[in-house]
2 protein chains.
Amino acid sequence: MATRTRRPERRQEPLSREHIVGAAVELLDAVGEDGLTFRALAERLATGPGAIYWHVRGKTELLAAATDAVVAAAVTIEPAESAESADSPQDGIRAVALGLFDAIEEHPWLATQLATQLSRSPWGTVAPRIFESIGRQVCALGVPEESWFTATSALMHYILGAAGQNAANTASAGTARPDVDRAVVLDAVSAAWEGLDPDDYPFTRAVAKQVRGHDDREQFLAGIALILAGITAIHSLTT
Amino acid sequence: MATRTRRPERRQEPLSREHIVGAAVELLDAVGEDGLTFRALAERLATGPGAIYWHVRGKTELLAAATDAVVAAAVTIEPAESAESADSPQDGIRAVALGLFDAIEEHPWLATQLATQLSRSPWGTVAPRIFESIGRQVCALGVPEESWFTATSALMHYILGAAGQNAANTASAGTARPDVDRAVVLDAVSAAWEGLDPDDYPFTRAVAKQVRGHDDREQFLAGIALILAGITAIHSLTT
DNA sequence: ACCTGAACACCGTTCAAGT
DNA sequence: ACCTGAACACCGTTCAAGT
């Protein structure tokens, strides 16, 4: 039961802001949001708690920086991903969506953090990053300018929400055999929903069976297809 | 500077769970999530911190209960709202959406809390509540059963995300003159977005001007119309 | 300029003791 | 059964002091 993943290997490199944020992300991944402590972080960086404050204003800023770093990496499509990015805008949107989907799956704390970040300050650095990468594809889709905001927002909110909800199914236990784990959790959700009051929750109970055994990623993409259909339909675009 | 809204007026009614949750919501509204403290809550209830633990397992459960209480109130459409609810399913969806929109606007802490709740436990009580109320309308819309989950999810995530983001524009300062306040904040967001790097953020900058002066509620409903269009288009439903 | 680490104020939670 | 309130362990943050 060695919870502490000590790592005082490399001792003295001057301790930069990047270094701190990187360690914060690692700690977040390892022990979750509650585990991110200035003391634990300091130990991991082989210094005292006070040192961190020289590079970062406080915990709020640290969390924002960690979130931004992960989002930036997720949203920047590697050139290898799609040879020349000569794909359709739809493919581009799917790529961005899956990038965020995977990032949230890899860093479960991201779901809550993204919501906090967006609902706290839309003028921060993380909101524009996501908005821009989706918006460009919306633009390429031929959506008229006055609808750019609506279409991009709809996509962004669905992507963030659905990916976040999905992360709950993955992050229940350790990382061993995530596929098995997920099936178990999905079954649990399905069972819980089927156990709801028949009078109050007829619809949710009816859907419960569908949830079981469905592929997450497929479901996620189906939602995106739905919104894309709405975008093309409402503006009579050709597909 | 009397931040403390003391209220030891009514002293001794046995202190029930409902009472505690109600006081928690009040405190949350007054001082935000960071202000919800077992000590502050106890003071407001004219008891000690330990007493609360007799009725509630801990802070996590308290937050969940507070969220659930507000969501339950928001999602239950008052009979006065729509005489016999003989409206169209579309109207029903808009009603649910606006109910949540208003609730988040009234209780800004709800945005973060909802995301936390959904991404932590989809099998909790709050997710089914929202899912059910939206899903019934989706069902009434004539969506085929295998698409219930996708359509309802898309709507739910958009509603929660967009309403949450919107709350950020409202909750910046005190409650006096929220309309003026909001215009100011919207201008600030717009200005911040226009100040982004032209090379990295061409799309976001282009949209920045649209943001200014647009009606939030109208924007919100436009997004819902978009998703509804997708639903009816993809299943070739008649409107 | 950058780091140290003790100290401060505060928090969630527990629990022996009361009624 | 239900409440009290002191106590515990821990946290974010500060800051005089060091290098």
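Naming: A, B, ... by sequence-line order, numbering from 1 per chain. Note that the structure is predicted; figures quoted are calculated from it, not measured.
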Pairwise distance CD(B:Glu26) to CG(B:Leu36) - rounded to 0.5 angstrom: 12.0 Å
From OG1 (A:Thr67) to CG (A:Leu114), nearest 0.5 Å: 6.0 Å
Residue from A:Phe131, A:Phe149, A:Trp123 passing ring pair (Phe, Tyr, Trp, His ring centres under 6.0 Å) with B:Trp193: A:Phe131
Aromatic ring pairing A:Phe220/A:Phe101, orientation class (parallel under 30°, perpendicular over 60°, tilted between): tilted
Nearest whole angstrom, please: distance from the [atom2] of [N] to the [atom1] of [X].
X	N	atom1	atom2	answer
B:Glu43	D:dT4	CD	C1'	16 Å
A:Arg39	D:dC10	CZ	C1'	7 Å
A:His19	C:dC2	NE2	C1'	16 Å
B:Phe38	D:dT4	CZ	C1'	16 Å
A:Ile20	C:dC3	CD1	C1'	11 Å

Counting only pairs under 3.5 Å, give me each side-chain donor-acceptor contact of residues 27-35 of chain A, with atom names and distances, residues two or more places apart or in other chains.
| residue | atom | partner | partner atom | Å |
| --- | --- | --- | --- | --- |
| A:Asp29 | OD1 | A:His107 | ND1 | 2.7 |
| A:Asp29 | OD1 | A:Trp109 | NE1 | 2.7 |
| A:Asp29 | OD2 | A:His107 | ND1 | 3.0 |

Nucleic acid contacts - residues 48-55 of chain A versus DNA chain D, non-hydrogen atoms under 4.0 Å: A:Gly50, A:Tyr53
Close residues, residues 61-69 of chain A, relative to DNA chain D [heavy-atom separation under 4.0 Å]: none
Shortest non-hydrogen contact from A:Ile104 toward A:Ala111: CG2-CB, 4.1 Å
A:Pro49 versus A:Ala42, closest heavy-atom pair with distance: N-CB, 3.6 Å
C:dC3 phosphate, OP1 or OP2, under 4.0 Å from A:Thr47 side-chain N/O: no
Touch class at under 4.0 angstrom, heavy-atom based, for A:Leu36 against every strand present: sugar-phosphate
Kindly list each side-chain donor-acceptor pair under 3.5 angstrom involving residues 194-203 of chain A, sequence neighbours excluded, with atom names and distances?
| residue | atom | partner | partner atom | Å |
| --- | --- | --- | --- | --- |
| A:Glu194 | OE1 | A:Arg212 | NH2 | 3.3 |
| A:Asp197 | OD1 | A:Asp199 | N | 2.7 |
| A:Asp197 | OD1 | A:Asp200 | N | 3.4 |

Backbone N/O of A:Ala208 and side chain of A:Ser190: donor-acceptor pair under 3.5 Å: yes
A:Glu61, CD atom: more than 12 neighbouring heavy atoms under 6.0 Å: yes
Involving DNA chain C, stems made of at least three consecutive Watson-Crick or G-U pairs, both distances under 3.5 Å: C:4-8 with D:12-16, C:12-16 with D:4-8
Pairs touching residues 49-71 of chain A that satisfy ring-ring contact (aromatic ring centres under 6.0 Å, His included), sequence neighbours left out: A:Phe38-A:Tyr53
